[in-house]
Chemist: 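The following block contains the structure, expressed as structure tokens.
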Amino acid sequence: PVEVQAQAAALLHSAVRKSSLVEQANMRVELLPALSDNYMYLLIDVDSREAAIVDPVEPIKVVEAVRKHGVKLTTVLTTHHHWDHASGNEKLVRLMPGLKVYGGDDRVDAITKKVSHSNNFKLGSLNVKCLFTPCHTTGHICYYVTKENSTEPPAVFTGDTLFVAGCGKFFEGTAEQMYKALIETLGRLPPETRVYCGHEYTVSNLKFARHVEPDNEAIQKKLAWAKEKCSNGEPTIPSTLADEFTFNPFMRVK
């Protein structure tokens, strides 16, 4: 029974995933854990206190975070149409009428603004650029966020295209498309760009990476670090593009 209790305690402990806040002078990003391993991201423009939410699958959590920060939510950024990313859109729009809902696919729930590659728009003083990365789905969009004259790193919200140390399944595309998305579209962004992905898959991704490159020290170090973070319920996100080129096998295929 003691062993069973210990297992139950460990399970309970690992199930409690904490939110976390990345603060920069140009933007703040709150990581909001959702479902079993998803992330929603509240992106806040520090200057205007205007905010966007990425993939709000659990709308009540989003409303609570918006209230906590005292910001004005204006925008939903949907990476792709899958239910674990887009199924909260309808409810969130009902809870907070007037939201602009961006996406790259007609299958995105409650979409009001369909975007394609290189479309740009503003969130307060932040610039958001849409990057078309079809493969996981044919309409997948990553959102690249910068601020003019800022010395701080930009951010990219990569949905289920790029994960920490991995990439998304090719449900509606080919290996060639994923290569293009990772190496040509995302890989050419500034190396310090912070990567915010759709799921907490880091430990299992790194185990695969270790299998591919057993002698890569960066992988071994990152795996030990990620296991520690996850055991404390802490996110392994964000990473940076520079880091991904050291341990992500799908970025190292060049």
Chemist: Under a 4.5 Å cut-off applied to non-hydrogen side-chain atoms, are Arg107 and Thr138 in contact?
Modeler: yes
Chemist: Please verify the inter-ring angle class for His82 with Phe171; under 30° counts as parallel, over 60° as perpendicular, anything in between as tilted.
Modeler: perpendicular
Chemist: If you compare all heavy atoms of Val57 against all heavy atoms of Ala34, which two are closest, and at what distance to 0.1 Å?
Modeler: CG1-CB, 3.6 Å
Chemist: Would you give the length of the straight line joining atom CZ of Phe250 to atom CG of Leu162, rounded to the nearest 0.5 angstrom?
Modeler: 11.0 Å
Chemist: Nearest 0.5 Å please: distance from the NZ atom of Lys100 over to the CG atom of Leu77.
Modeler: 10.0 Å
Chemist: Quick check against the 3.5 Å criterion: does Asp45 have a side-chain atom that pairs as donor or acceptor with the backbone of Ser125?
Modeler: yes
Chemist: Please verify the inter-ring angle class for His140 with His80; under 30° counts as parallel, over 60° as perpendicular, anything in between as tilted.
Modeler: parallel
Chemist: With no hydrogens and no angle check, is any side-chain donor or acceptor of Thr78 less than 3.5 Å from a backbone partner on Asp55?
Modeler: no
Chemist: Counting N and O atoms only, with roles assigned by atom type, does the side chain of Tyr41 sit under 3.5 Å from a partner on the main chain of Gly198, one being a donor and the other an acceptor?
Modeler: no
Chemist: Less than 4.5 Å apart, side chain to side chain, heavy atoms only: is that true for Val195 and Val164?
Modeler: no
Chemist: For the pair Arg28 (side chain) and Leu42 (backbone), establish whether a donor and an acceptor sit closer than 3.5 Å, ignoring hydrogens and angles.
Modeler: no
Chemist: Show your working on side-chain contact (heavy atoms from CB on, under 4.5 Å) between Glu200 and Cys230 and close with a plain yes or no.
Modeler: CA-CA 9 Å; Glu200 183 57 75; Cys230 286; 4.0 Å; yes
Chemist: Rounded at 0.5 Å granularity, tell me how far OG in Ser87 sits from NE2 in His81.
Modeler: 11.5 Å
Chemist: Is the distance between the ring centroids of Tyr102 and Tyr143 under 6.0 Å?
Modeler: no
Chemist: Please report the C-alpha distance between Lys129 and Asn119 in whole Å, then the side-chain angles of each, then the deciding distance to 0.1 Å, and finally whether the side-chain hydrogen bond (donor to acceptor under 3.5 Å, both in side chains) criterion is met.
Modeler: CA-CA 6 Å; Lys129 183 177 187 180; Asn119 284 172; over 6 Å; no
Chemist: With a cut-off of 3.5 Å and sequence neighbours excluded, list every side-chain donor-acceptor pair involving residues 206-215.
Modeler:
{"from": "Glu213", "atom 1": "OE1", "to": "Asn216", "atom 2": "ND2", "distance (Å)": "3.3"}
{"from": "Glu213", "atom 1": "OE1", "to": "Arg252", "atom 2": "NE", "distance (Å)": "2.7"}
{"from": "Glu213", "atom 1": "OE2", "to": "Arg252", "atom 2": "NH2", "distance (Å)": "3.0"}

Chemist: Quick test of your reading: applying side-chain hydrogen bond (donor to acceptor under 3.5 Å, both in side chains), list the pairs with at least one residue in residues 182-198, sequence neighbours left out, ordered by first then second residue.
Modeler: Gln24-Arg194
Chemist: Locate the shortest heavy-atom distance separating Val156 from Cys142; write the atom from each residue and the value.
Modeler: CG2-CB, 4.3 Å
Chemist: So does Gly166 get a backbone contact from the side chain of Asn248, meaning a donor-acceptor N/O pair under 3.5 Å?
Modeler: yes
Chemist: Locate the shortest heavy-atom distance separating Val101 from Ala110; write the atom from each residue and the value.
Modeler: CB-O, 3.3 Å
Chemist: Please examine the side chains of Thr161 and Leu131, heavy atoms only from C-beta on, and report whether any two atoms are closer than 4.5 Å.
Modeler: no
Chemist: Between Glu244 and Ser239, do the side chains contain an N or O donor and an N or O acceptor separated by less than 3.5 Å?
Modeler: yes
Chemist: Any side-chain heavy-atom pair from Pro191 and Thr240 closer than 4.5 angstrom?
Modeler: no
